[in-house]
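Every chain is numbered from 1 and lettered A, B, ... according to where its sequence line falls, protein lines coming before strand lines. In what follows, every heavy atom counts, from backbone to side chain, and hydrogens, waters and symmetry copies are set aside.
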Amino acid sequence: MDLTFTEHEEAFRAEARAWLEANVPRPALPSGDTREGFARHLEWERMLFDARWAVVSWPEVYGGREASLMEWLIFEEEYYRAGAPQRVTQNGIFLLAPTLFEFGTAEQQDRILPRMASGEEAWCQGWSEPNAGSDLAGITSRAVRDEAGGGWRLTGQKTWTTRGAFCDRLFGLFRTDPEADRHRGLTYFLVDLGAEGVTVRPVERLDGDEGFAEVFLEDAFVPDRDVLGGVNEGWRVAMATTGSERGLTLRSPGRFMATAARLIDLYRRHADATDPAVRDAVIRGWMDAEAYRWQTFWTVTRLMEGGRTGPESSLVKLFWSELDVRIHATALELLGPRAELVDGDDAAWMKGWQFALSGPIYAGTNEIQRNVVAERVLGLPRR
Amino acid sequence: MDLTFTEHEEAFRAEARAWLEANVPRPALPSGDTREGFARHLEWERMLFDARWAVVSWPEVYGGREASLMEWLIFEEEYYRAGAPQRVTQNGIFLLAPTLFEFGTAEQQDRILPRMASGEEAWCQGWSEPNAGSDLAGITSRAVRDEAGGGWRLTGQKTWTTRGAFCDRLFGLFRTDPEADRHRGLTYFLVDLGAEGVTVRPVERLDGDEGFAEVFLEDAFVPDRDVLGGVNEGWRVAMATTGSERGLTLRSPGRFMATAARLIDLYRRHADATDPAVRDAVIRGWMDAEAYRWQTFWTVTRLMEGGRTGPESSLVKLFWSELDVRIHATALELLGPRAELVDGDDAAWMKGWQFALSGPIYAGTNEIQRNVVAERVLGLPRR
Amino acid sequence: MRFSFTDDQLAFRDAVRDLLEKECPPQRVRDAWTNVDGRSGAWDALEEMGVVGLSHPEVAGALGVDEIAVTLILEETGRFGLPEPIVEHTAVALPAVAQHIPEAVTDTSLFVAGGPMVPYATSATALLLERDRQLYLVDRSAATLTERASVDGSRRLYAVEWEPSNAVEIGGPEDAALAFDRGALGVAAQLIGVAQHLLDTTVEYAQARHQFGVPIGSFQAVKHHLANVALGLEFARPLVYRAAHSVARRDLDRSVHVSTAKAHASDAATVAARVALQVHGAIGYTTEYDLHLWMKRAWALAAAWGDAAWHRARVGRAILDTDPSEEQ
Amino acid sequence: MRFSFTDDQLAFRDAVRDLLEKECPPQRVRDAWTNVDGRSGAWDALEEMGVVGLSHPEVAGALGVDEIAVTLILEETGRFGLPEPIVEHTAVALPAVAQHIPEAVTDTSLFVAGGPMVPYATSATALLLERDRQLYLVDRSAATLTERASVDGSRRLYAVEWEPSNAVEIGGPEDAALAFDRGALGVAAQLIGVAQHLLDTTVEYAQARHQFGVPIGSFQAVKHHLANVALGLEFARPLVYRAAHSVARRDLDRSVHVSTAKAHASDAATVAARVALQVHGAIGYTTEYDLHLWMKRAWALAAAWGDAAWHRARVGRAILDTDPSEEQ
């Protein structure tokens, strides 16, 4: 056990910190979940890519640095510490890319990954449907073979597609064998949102941003080369991605350490007027962020030594999503009657609170995650 | 709405307070869940009975005062305020008696109630069996007709029988029709624990007291006159009693007001050494006891105006049982490293903590109570 | 001891409920987010019915109406999401102004109370404000109003700058304390209504929405979430009614009762909003669905007139920091 | 950064686990409640194996063992419910005594640390005690011991009266602080083991126990209770290992790390005990069933060496009350 960073890791941190300090936009960009903000965020993504900070853990050939998992964590700590912009490319980079690395052909990887890394092509996910939310296997959107065209015709509706109104392409599951069982007969498609037959309707999110979209497909054509991982293999392929979504790639500790640090700063500004009971909640927030950090280092060391993530990733999702809610709730308590304001200096907390509330819902509700922990980690019987 | 007590109610309170101040034993009696303590508690019950405080809400002919529900609450507030002994007769008085009043024959009422009220005959309940806990309808103890003897022969095992080792008689359900559905074919029997074929084995409780017993029956005879409410009618009859158990008769607000007052006293003695976070928990304890008190007055007014209790009694059971756990947890926090002591001045808190932990388990676990609230109060579908 | 409402009080409550059901449907609440002044239109109907002016001492005296009846009505305004400042005007400012400067009250005057922000200040005739435990009436034109944005877009909030020298002093510490307690009690009642609406609509959704081939309301986790909401509401509601009684009777422990009620009501509504969103899932996370109107109201009112932590601290000072020998 | 144990550390841990499985079955823990001195008998085997004296600087130096290895072993002693004072002797007192007065250590000496109560004091050679931030060694005969009863009947507790004038001063504030942190770390490790045992046995029970025709572990409410226990444990455990590293390396923030670990470990074990009892129901409420031995250990250790609230307050002083400009 050695909990000091290596010289190499420290150098990596110093390089990241210096670049971020010099380049993070000030003042902060407008929300990336609005049309204007999204465009500004893509410019930032291009800067990251040009300096090879967009996808640090990827191979150099796709714009990465082949950073270790530990270095990736270090980069994330520095990224959030610097208050750098949200990653509007994250659904592609963190959810689709791992699946592409595992299941994609060399042609797909070469064609898709560089444009994803640079932000030239922005990806959104198309999992949910109106009647397939928590019950993902309830998908009814279908793909019918178009032998002549050398591809598939997709028809159906996807919903809660984050930033779908601004993205170029969508990845998701469609039913290719209507006769098969619920979890079978699904295929993982990469869909061009500009294709004929695709309509995207923005949906306003709780916090007022156009963060969501509904995507309607009617006989939209997808060529064979945009099938990922084999026809009727979609469930297996997708599960690899949802594992990433729940696990450490989506919510690195740096994010919560930065939030806890902001909470402490808020506390210091309001301490005089604060009921002492809230002080305890501030301390808990900081301690829990520490717990998240060290559990991550613990897990990452195991992964670097050859282990694999399993259903334990559900514990991670439960912890970060509920921690995020608790920290924001504490901030609102500190703000008291000013908590409701969505303008002015402290407005980020009410906005962040609303965003935090999505954490226990998306990527598998926390009720489902607790089932997974009970059944697959602890071995309790399914009903 | 008039939240002042009437002159009559105030006079009743004053009379109760004066009597209790003059008569409550000092120092406190040993635990009524030990053999010696039980005997001492029965002496106290006799004193209560002689002064007509044992069963204030009962008819005068059975030793009561025909007190209103509101007066009963007032008596309970005074009883706990005075730190008077636990009521070792409570299972008879609060659980069996309401059923006797509703379903018993005049002969049964006249024979049983006076001896119950005076403590001459102590009753325990026999609901649970090793394989029928939460699932009460899973009872397998059976009663076979003994036509010649004019009664029934009971065989089986009852468990978690509170103070069963010290009591004279047991009430419980036995299966009289083995062919019938789970909830049918049960009969409510009143069993003499001294009868041939009955063996009582004390079981030590978490806190070290002999509070539980297992009761083994082998062909034990019960005469027909000790069937309560009709053969094969046991489930319906028993449900009336479990309603009382969950509802207000078992846990009157006076109990939690007294506990909250003791918590405040403890806080005052430890305030200097106390982390301010615990202060908030003390305040919550007091406020929640207030909430319990006023919800009770609200309910009792409705009952006095002709309403009936329904599945809402599950909300009451959830609230008091979890409040009791929270108050005791706060007291242990105040005690810090001395919390583990079970001797000395503050030992009552650790003992009370262990007792409080039984609240969310007995009389229907809180998991089952939440199901009841969801299904029968809110109308959510059963699975 | 008789802890229930009179038939008259309940009948009046029912009449207000009927009116709001008709005049204040969710679409009106939604419209109030985007129209000029945040008004739902239900106000005029309430005025006509006599609800808005009900707390004027002359009216209240004639009808035998007190804070108990008003509280019951405010609960309904919470349930229907009425955006207008009925707490600030009817529950707080009108009785204070009418008592101290009756000539200031006309048929069209609207008074709003508050602090540090005041809702609907630009629509008001005058503002009831406190400084250094004194109560002042400030003409709208004598105050500098700066619009602030609330998470609840129908609450038109304004920061107010004003000077006592440009205001009429209408009461001392006891009047200021009574005004504050009336405000906290009023939003506590509204929070109960908001929580009830959130519970009702979420139960309905859980019955209708199917996943895995069954209604989601048949999952034990969803059942227990909703049971917890019912639990909070069941034990908060009587505290609000008890506090109303204490305010109406000027009970000596009035402030402790109001704080206990407001803390529990804030918590009940906050939990109700949390569970409502979790059970609805993504559909609750859009502004196209009505749920957000009530969630945001719950967040705003839970913090207004002292949040739960503030009120618990006030109770704490009364029950922990006094000499025990003084207690009953 | 490499946050894992060495193969040697794990092999030693496994050997201790094997030994305890054999020498410290639940019946031995139960016996320790009623026998003369609260000893399980496993102590001698641990002594023979070298575990008891492992922290003696000479032994530790020779074997390359530090607080990290000791922590891993203490976790096992918690899992098996070892009643003897291995934290008080091996983790805290022995290294302090051996460092400052090596000649006081013999093959048979048993030192216990603590305060305000000391476990197993009558079995000890001498007691390691703190007063006014100075660390003292007090011969057992120089202290007045009064037996106190713990809810965990195997923890033989004594209140100690003593005078510095009858004691040997062996260290100053830094030694006292290190001793305290070692104690808090040691019980934190034991609490992790206790919580793991409670989780494991409760999962087993929920799989086996049937009600309503199905295993109770198939009910979602039971699943979620147990998932919450797993959650607390998953995030407490690395904090304990991190704190062990900080103590071993004398990290400047050692005390903050120890407090963070102890607070989380106390909470994880308290939740584990609460859920264990609730899932077991009445059978867990008897002393005939083994569960109570571990629940009571959890309650006792959660409060020993500073409870969660105390440790959070210590962290708070470090992170909230310092000048932010001094921070990294």
Exercise. Is it the backbone or the side chain of A/Ala132 that comes under 4.5 Å from a heavy atom of chain C, or both, or neither?
Worked result: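 Only the backbone of A/Ala132 comes within 4.5 Å of chain C.
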
Problem set entry | Proximity breakdown for A/Arg370 and chain C, heavy-atom pairs closer than 4.5 Å |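 It is neither, since no heavy atom gets under 4.5 Å.
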
Exercise. Which pair of heavy atoms, one from C/Arg209 and one from A/Pro130, lies closest together, and at what distance?
Worked result: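 Nearest heavy atoms, C/Arg209 then A/Pro130: NH1-O, 2.6 Å.
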
Exercise. Can you list the residues that meet the side-chain contact (heavy atoms from CB on, under 4.5 Å) rule with A/Arg205, with sequence neighbours excluded?
Worked result: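 Residues passing side-chain contact (heavy atoms from CB on, under 4.5 Å) with A/Arg205: A/Asp33, A/Asp207, A/Asp209, A/Phe212, A/Phe355, C/Tyr285.
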
Exercise. Side chain, backbone, both or neither: which part of C/Trp299 has a heavy atom under 4.5 Å from chain A?
Worked result: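 For C/Trp299, side-chain heavy atoms alone lie under 4.5 Å from chain A.
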
Exercise. Chain A heavy atoms under 4.5 Å from C/Leu291: which part of the residue, side chain, backbone, both or neither?
Worked result: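 Contact with chain A: none, neither part.
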
For this session: Kindly check if the number of other-residue, nucleotide or ligand heavy atoms within 6.0 Å of CZ (A/Arg184) is above 12?
Result: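 No, because the 6.0 Å sphere around CZ of A/Arg184 holds 12 heavy atoms or fewer from other groups.
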
Problem set entry | Partners meeting ring-ring contact (aromatic ring centres under 6.0 Å, His included) with C/His280 (sequence neighbours left out) |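 Per chain and number, C/His280 pairs via ring-ring contact (aromatic ring centres under 6.0 Å, His included) with C/Tyr205, C/Tyr289.
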
Exercise. Does the side chain of C/Val151 come within less than 4.5 Å of A/Trp353's, by heavy atoms?
Worked result: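 A side-chain contact is absent here, since even the closest heavy-atom pair is not under 4.5 Å.
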
Exercise. Are A/Glu340 and C/Lys296 within salt-bridge range, i.e. N to O under 4.0 Å?
Worked result: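 Salt bridge absent between A/Glu340 and C/Lys296.
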
Problem set entry | Side-chain (A/Glu204) to main-chain (C/Glu288) donor-acceptor, under 3.5 angstrom |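 Looks like no, no N/O pair under 3.5 Å.
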
Exercise. Between the main-chain N or O of C/Phe212 and the side-chain N or O of A/Asp135, is there a donor-acceptor pair closer than 3.5 Å?
Worked result: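 Looks like yes, one N/O pair under 3.5 Å.
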
